[in-house]
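Below, chain A is the first sequence line, B the second, and so on; all start at residue 1.
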Amino acid sequence: MRPRKSGDVRMGAIGTAYSRIYAVVRRIPRGTVATYGEVAAKAGYPHAPRLAGYALYALPEGTPLPWHRVVGAGGRLSLARLSPDGALTQRMRLEREGLKFDARGRVVTGRLKSLRASKKKSS
DNA sequence: ATCATGACTCCGA
DNA sequence: ATCGGAGCCATGA
């Protein structure tokens with residue numbers, strides 16, 4: 001089930017899936033956003049976008065990780081489903097880094113545009 | 001070991 | 001545009 005938000009965090013030792021995802025999130029350039037799929041893929045799980053979301057969900061409140069740079073596909077703030085308030089914080093932080101949002105609350109960046117172009121059915 | 005769940009994504013209707 | 005179902009992975013009980 002859901003990991004505890006605080007207390008027993010055994011991710012101190014690197015090598016776990018969470019640590020890998022966190023490492024990727026941490027290396028997201030400022031003023032840039034990455035999708036859960038991107039983060040998971042770079043962490044070593046190209047087909048487990050849920051892991052990215054799951055790992056971020058386990059993040060403590062005072063996490064130094066730039067979790068706000070992680071958005072859903074197309075720049076959507078999936079966080080809004082779980083915590084609307086948190087989504088506002090994320091949006092505020094991203095705007096502070098120079099990112100823009102459209103009327104629907106989607107992030108507008110030149111990086112996500114290439115994401116949609118690679119979609120295609122296999123064989 | 002198994003079962004259920006999730007800040008996801010994709011595809012079809 | 002919205003709605004629903006299927007697939008994938010690791011974690012906790």
Side-chain angles (χ1 to χ4, degrees):
Chain A
M1 299 298 216
R2 317 130 88 225
R4 303 181 178 205
K5 303 176 103 179
S6 59
D8 182 32
V9 184
R10 59 174 62 197
M11 56 186 89
I14 48 182
T16 58
Y18 283 26
S19 296
R20 289 178 121 146
I21 293 171
Y22 294 155
V24 175
V25 175
R26 193 174 295 139
R27 84 174 182 71
I28 297 176
R30 182 178 169 285
T32 315
V33 292
T35 64
Y36 293 92
E38 282 282 298
V39 173
K42 288 175 184 178
Y45 307 95
H47 289 287
R50 299 197 140 211
L51 279 188
Y54 204 57
L56 292 179
Y57 177 72
L59 282 172
E61 294 184 13
T63 178
L65 284 171
W67 58 269
H68 54 271
R69 290 181 192 150
V70 183
V71 299
R76 296 192 339 265
L77 299 182
S78 298
L79 175 61
R81 288 198 184 207
L82 178 74
S83 185
D85 184 62
L88 290 180
T89 300
Q90 180 175 19
R91 176 170 166 177
M92 181 181 68
R93 289 194 185 203
L94 291 176
E95 287 184 325
R96 190 182 64 186
E97 295 191 356
L99 293 171
K100 300 164 192 153
F101 286 76
D102 64 0
R104 293 189 208 68
R106 294 190 307 180
V107 184
V108 181
T109 70
R111 206 164 205 248
L112 293 171
K113 70 183 188 214
S114 53
L115 280 167
R116 323 184 121 252
S118 68
K119 78 172 329 182
K120 181 200 178 282
K121 87 194 275 186
S122 52
S123 11

Proximity to the side chain of [X] - top-ranked nucleotide from [options]:
{"X": "A:Y18", "options": "B:dA7, B:dC10, C:dT11", "result": "C:dT11"}
{"X": "A:P49", "options": "C:dC9, B:dT9, C:dT11", "result": "B:dT9"}
{"X": "A:W67", "options": "C:dC9, B:dA7, C:dT11", "result": "B:dA7"}
{"X": "A:H47", "options": "B:dT9, C:dA10, C:dC8", "result": "C:dC8"}

Length of the [atom1]-[atom2] vector between [X] and [N], whole Å:
{"X": "A:Y54", "N": "B:dA4", "atom1": "OH", "atom2": "P", "value": "15 Å"}
{"X": "A:R20", "N": "C:dC9", "atom1": "CZ", "atom2": "C1'", "value": "13 Å"}
{"X": "A:Y36", "N": "B:dC10", "atom1": "OH", "atom2": "P", "value": "14 Å"}
{"X": "A:L51", "N": "C:dG7", "atom1": "CG", "atom2": "C1'", "value": "13 Å"}
{"X": "A:E38", "N": "B:dC10", "atom1": "CD", "atom2": "P", "value": "10 Å"}
{"X": "A:D102", "N": "C:dA1", "atom1": "CG", "atom2": "P", "value": "11 Å"}
{"X": "A:I28", "N": "B:dA7", "atom1": "CD1", "atom2": "P", "value": "18 Å"}
{"X": "A:Y57", "N": "B:dT5", "atom1": "OH", "atom2": "P", "value": "14 Å"}

If I compare all heavy atoms of A:A58 with all of A:Y18, which pair ends up nearest, and what's the gap?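 Scanning both residues, the minimum pair turns out to be CB-CE2, 3.8 Å.
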Do A:K42 and A:E38 come within less than 4.5 Å of each other through their side chains, counting heavy atoms only?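 They are in side-chain contact.
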Can you find a heavy atom in the side chain of A:L59 that is under 4.5 Å from one in the side chain of A:V25?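 No, every pair of side-chain atoms sits at 4.5 Å or beyond.
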Under 4.0 Å from any atom of DNA chain B, heavy atoms only: list the residues of residues 78-91 of chain A that qualify, in numerical order.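 Those residues are A:S78, A:L79, A:L82.
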Which residues pass the side-chain contact (heavy atoms from CB on, under 4.5 Å) test with A:S83, not counting sequence neighbours?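 In terms of side-chain contact (heavy atoms from CB on, under 4.5 Å), with neighbours along the sequence ignored, A:S83 is linked to A:L79, A:D85.
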Can you name the side-chain contact (heavy atoms from CB on, under 4.5 Å) partners of A:A80, sequence neighbours left out?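 A:A80 satisfies side-chain contact (heavy atoms from CB on, under 4.5 Å) with A:A87 only.
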Any idea how A:Y57 and A:Y54 line up, ring-wise: parallel (<30°), tilted (30 to 60°), or perpendicular (>60°)?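 Because their plane-to-plane angle is under 30°, the rings of A:Y57 and A:Y54 count as parallel.
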Under 3.5 Å, sequence neighbours excluded: what are the donor-acceptor pairs made by side chains of residues 97-105 of chain A?
unit_1 : atom_1 : unit_2 : atom_2 : d
A:E97  : OE1    : A:G31  : N      : 3.0
A:E97  : OE1    : A:R69  : NE     : 3.1
A:E97  : OE2    : A:H68  : NE2    : 3.2
A:E97  : OE2    : A:R69  : NE     : 3.2
A:E97  : OE2    : A:R69  : NH2    : 2.9
A:D102 : OD1    : A:R104 : N      : 3.0
A:D102 : OD1    : A:G105 : N      : 2.9
A:D102 : OD1    : A:R106 : N      : 2.6
A:D102 : OD2    : A:R104 : NH1    : 3.3
A:D102 : OD2    : A:R106 : NE     : 3.1

